[in-house]
> 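Before anything else, here's the structure in question.
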Amino acid sequence: MTTQPLEDLRQTLAADGYILSIDESGERMDARISAEDGVCGDCLVPKNLMTLMISNATGTQADAIDLTYPTEIGDDGQLL
């Protein structure tokens, strides 16, 4: 999935050291935000606001988006 609003959101996050990856599975969307080394994992907006931002950028209903933040991802890339 690549749309200009989504790319704009990715670029905005990347400017602060965050990486947004999205995986679609059926009617659900898995959105993960990881932080580059040395970037605060707790310094993002609240998850409900980020979910709305992703929803607006992708056209996916907010309640169909599963969002994972950097503090929920271990060093091995797996969910904690």
Side-chain angles (χ1 to χ4, degrees):
M1 158 179 290
T2 303
T3 63
Q4 191 58 48
L6 179 58
E7 287 308 310
D8 291 346
L9 179 57
R10 280 190 168 124
Q11 289 177 9
T12 299
L13 289 167
D16 290 326
Y18 298 102
I19 302 158
L20 171 62
S21 60
I22 292 183
D23 200 18
E24 291 185 86
S25 177
E27 295 182 16
R28 305 245 8 120
M29 175 182 286
D30 179 31
R32 289 187 183 200
I33 299 177
S34 55
E36 294 178 359
D37 288 339
V39 175
C40 174
D42 288 326
C43 296
L44 292 163
V45 298
K47 285 178 80 170
N48 62 335
L49 181 56
M50 183 63 73
T51 300
L52 288 175
M53 293 167 63
I54 294 169
S55 173
N56 289 336
T58 63
T60 302
Q61 294 293 322
D63 61 358
I65 298 172
D66 300 313
L67 177 59
T68 304
Y69 264 11
T71 55
E72 301 169 308
I73 302 171
D75 291 337
D76 60 357
Q78 300 298 314
L79 295 178
L80 298 177

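FYI, the numbering just counts along the sequence from 1. Worth saying up front: this structure is predicted, and the values here are computed from it rather than measured.
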> Where do Leu20 and Ala31 come nearest, in terms of heavy atoms and distance?
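Nearest pair, atom of Leu20 first, then Ala31: CD1-CB, 4.3 Å.
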> Calculate, to the nearest 0.5 Å, the distance between atoms CD and CD belonging to Gln11 and Gln4 respectively.
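It is 7.0 Å, given to the nearest 0.5 Å.
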> Nearest 0.5 Å please: distance from the OG1 atom of Thr3 over to the CZ atom of Arg10.
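Going from the OG1 atom of Thr3 to the CZ atom of Arg10 covers 8.5 Å.
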> Thr58 and Ile22: which non-hydrogen atoms are nearest, and at how many Å?
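Closest approach of Thr58 to Ile22, heavy atoms only: CG2-CD1, 4.2 Å.
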> Show, in sequence, the C-alpha distance, side-chain angles and deciding distance for Thr60 and Ile54, and conclude whether the side-chain contact (heavy atoms from CB on, under 4.5 Å) test is met.
CA-CA 8 Å; Thr60 302; Ile54 294 169; over 6 Å; no
> Please examine the side chains of Asn56 and Pro5, heavy atoms only from C-beta on, and report whether any two atoms are closer than 4.5 Å.
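The answer is no, as the side chains (C-beta and beyond) never meet within the 4.5 Å cut-off.
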> With sequence neighbours excluded, what pairs up with Asp42 under the side chain to side chain contact (heavy atoms under 4.5 Å, CB included) test?
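In terms of side chain to side chain contact (heavy atoms under 4.5 Å, CB included), with neighbours along the sequence ignored, Asp42 is linked to Cys40, Thr71.
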> side-chain contact (heavy atoms from CB on, under 4.5 Å), that's the test. Do Ile65 and Ser55 meet it? Break it down for me.
CA-CA 8 Å; Ile65 298 172; Ser55 173; 3.9 Å; yes
> Glu36 and Ile19: which non-hydrogen atoms are nearest, and at how many Å?
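Between these two residues, the closest heavy atoms are CG-CD1, 4.1 Å.
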> Decide yes or no for Leu52 and Asn48: does some side-chain heavy atom of the first lie under 4.5 Å from some side-chain heavy atom of the second?
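Result no, sub-4.5 Å side-chain heavy-atom pair not found.
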> Which atoms form the tightest heavy-atom contact between Ala64 and Glu27, and what is the distance?
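What the structure gives for the nearest pair is CB-O, 3.5 Å.
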> Looking at every heavy atom in both Ile33 and Met50, which two are closest together, and how far apart are they?
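What the structure gives for the nearest pair is CD1-CG, 3.8 Å.
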> Within the side chain of Glu72, is there an N or O that forms a donor-acceptor pair under 3.5 Å with the backbone of Tyr69?
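Looks like yes, one N/O pair under 3.5 Å.
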> Kindly give the heavy-atom pair with the smallest separation between Lys47 and Leu67, and that separation in Å.
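What the structure gives for the nearest pair is NZ-O, 2.8 Å.
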> Please examine the side chains of Asp16 and Leu44, heavy atoms only from C-beta on, and report whether any two atoms are closer than 4.5 Å.
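Leu44 does not reach Asp16 side chain to side chain.
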> Are Met53 and Thr12 packed together at the side-chain level, in the sense that at least one heavy-atom pair is separated by less than 4.5 angstrom?
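When only atoms from C-beta onward are counted, Thr12 and Met53 do not touch, as no gap falls below 4.5 Å.
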